[in-house]
> 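Below you will find the structure I want to go over with you.
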Amino acid sequence: MIDIKGITKSFGQLQVLKGIDLHIDKGEVVSIVGPSGAGKTTLLQIIGTLDKPDSGRITIDGTDVLGLGSRRLAEFRNRRIGFVFQFHQLLPEFTAIENIMIPAYIAGTPKAEAKERAAELLDFMGLSDRARHKPAELSGGEKQRVAVARALVNRPAVILADEPSGSLDSKNKAELHQLFFDLRDKTGQTFVIVTHDESLARITDRTIAMKDGMLELQGE
């Protein structure tokens, strides 16, 4: 699903990634852990095509993403990669179902089809009764589930999550973590999750530890 070879990245004189080699299989739920400054978020942004490495190669779902032009890369990112952030990043003026539909609109999906897909995801998340609520009317856990649904609306190849449960209380964290595995079991979804949450890292299929811009450990 994801093949990374020799990825390096520097910001000025600071080398943040020092030759990363990594393979992630389809349907894996993988956590990336390590101290602040280890390069975790930079690696996630490069996998997500939000930033470019200085050298190396990345293949996602059979596509050499670094070989794509800017327009095709934007289309690939919209259709094949879903993002979940620590803070949901929902647009406050739109309802839950409208927020979920936005990536589908960008992909050119007809409105009726996008709405049907968004409604299916809300139902799976147990949020059908919150479809017309705006973010200010949702709890923290509900906002993150809407954000996950938004990430899934275009049926991406991979979901990339950066501290997805970092702003949640213990109950909502546990529910969100279980949701990742429910989605994997239902759809074969691949997840790559940067986290400081030890309880999440322990239950993922594989934990990848980073330190000083290098992979320190790839657990089973």
Side-chain angles (χ1 to χ4, degrees), residues 1-4 22-33 40-51 58-63 65 73-90 96 99-104 106-107 109 114 117-118 120-127 140-168 172-197 199-208 210:
M1 171 57 71
I2 303 174
D3 274 302
I4 297 168
L22 178 63
H23 176 79
I24 296 170
D25 288 325
K26 179 176 173 56
E28 267 198 295
V29 180
V30 173
S31 57
I32 302 177
V33 303
K40 305 183 301 297
T41 294
T42 299
L43 177 60
L44 199 73
Q45 289 174 338
I46 288 174
I47 296 172
T49 75
L50 297 173
D51 200 357
I58 303 174
T59 303
I60 300 176
D61 202 24
T63 297
V65 296
L73 183 62
E75 291 174 353
F76 180 89
R77 185 187 305 121
N78 171 249
R79 293 176 178 273
R80 306 303 292 150
I81 304 174
F83 297 92
V84 181
F85 303 99
Q86 178 174 354
F87 301 102
H88 50 80
Q89 306 291 355
L90 301 178
N99 266 284
I100 296 169
M101 292 167 68
I102 288 170
I106 294 171
T109 304
R117 171 66 174 160
E120 289 174 356
L121 288 166
L122 276 171
D123 183 57
F124 183 81
M125 302 291 169
L127 294 174
E142 288 171 340
K143 290 173 186 175
Q144 275 302 64
R145 280 185 279 165
V146 170
V148 173
R150 179 185 58 191
L152 289 163
V153 72
N154 286 337
R155 296 180 173 87
V158 61
I159 298 290
L160 304 179
D162 194 358
E163 299 289 357
S165 57
S167 63
L168 302 179
N172 282 306
K173 278 184 182 182
E175 290 178 353
L176 183 67
H177 297 168
Q178 184 58 50
L179 175 62
F180 294 150
F181 289 92
D182 291 344
L183 285 164
R184 190 272 301 277
D185 294 342
K186 181 179 174 63
T187 67
Q189 188 66 61
T190 305
F191 285 88
V192 183
I193 307 167
V194 164
T195 185
H196 283 103
D197 192 312
S199 64
L200 173 56
R202 281 196 300 267
I203 62 174
T204 54
D205 298 325
R206 186 157 48 112
T207 300
I208 298 165
M210 291 189 68

> Would you say Q144's side chain and F85's backbone share a donor-acceptor pair under 3.5 angstrom?
yes

> I need the L22 CG to I47 CD1 distance, nearest 0.5 Å.
6.0 Å

> Just to verify, what does D51 make a side-chain hydrogen bond (donor to acceptor under 3.5 Å, both in side chains) with, not counting sequence neighbours?
K9

> Looking only at non-hydrogen atoms, find the nearest pair between I60 and V158 and report the distance.
CG2-CG1, 4.4 Å

> Please lay out, stage by stage, how D197 and S199 fare under the test side chain to side chain donor-acceptor pair (under 3.5 Å).
CA-CA 6 Å; D197 192 312; S199 64; 2.3 Å; yes

> Which value, rounded to the nearest 0.5 Å, describes the distance between T59 atom OG1 and D3 atom CG?
6.0 Å

> Heavy-atom distance under 4.5 Å between the side chains of T204 and L200, does that happen here?
yes

> Donor-acceptor check, side chain of N154 to backbone of P103, threshold 3.5 angstrom: yes or no?
yes

> Listed by chain and number, what are the side-chain hydrogen bond (donor to acceptor under 3.5 Å, both in side chains) partners of E175, not counting sequence neighbours?
K171

> What is the distance from atom CD of Q178 to atom CG of L183, rounded to the nearest 0.5 Å?
10.0 Å

> Can you measure from OG1 (T49) to CZ (F76) and round to the nearest 0.5 angstrom?
7.5 Å

> Could you tell me the separation between the NZ atom of K186 and the CG atom of D182, rounded to the nearest 0.5 Å?
10.0 Å

> Do the side chains of H196 and K40 get nearer than 4.5 Å, heavy atoms only?
yes

> May I ask you to decide if G27's main-chain N or O and T190's side chain share a donor-acceptor pair within less than 3.5 Å?
yes

> Can you tell me how far apart CZ (R150) and CD1 (I102) are? Round to the nearest 0.5 Å.
7.5 Å

> For S31 and A201, which heavy atoms make the closest approach, and how far apart are they?
OG-CA, 3.6 Å

> Can you name the closest pair of heavy atoms from A104 and V153 and give their distance?
N-CG1, 4.0 Å

> Does the side chain of F124 come within less than 4.5 Å of L152's, by heavy atoms?
no

> Got M1 and V192 here, is their nearest side-chain heavy-atom distance under 4.5 Å?
no

> For residues N78 and A107, report the shortest heavy-atom separation together with the two atoms involved.
OD1-CB, 3.0 Å

> Any sub-3.5 Å donor-acceptor pair from T109's side-chain atoms to A114's backbone N or O?
no

> Is there side-chain contact between D205 and F191, with at least one heavy-atom pair below 4.5 Å?
no

> Main chain of T41, side chain of D162: is a donor-acceptor contact present, judged purely on distance under 3.5 Å?
no

> Does R80 CZ have over 12 foreign heavy atoms under 6.0 Å away?
yes

> With sequence neighbours left out, write down each residue that passes side-chain hydrogen bond (donor to acceptor under 3.5 Å, both in side chains) with T187, or none if nothing qualifies.
none

> Please give me the minimum heavy-atom distance between I24 and R206, naming the atom from each residue.
CA-NH2, 3.7 Å

> Is there a donor-acceptor pair under 3.5 Å between the side chain of R117 and the backbone N or O of I100?
no

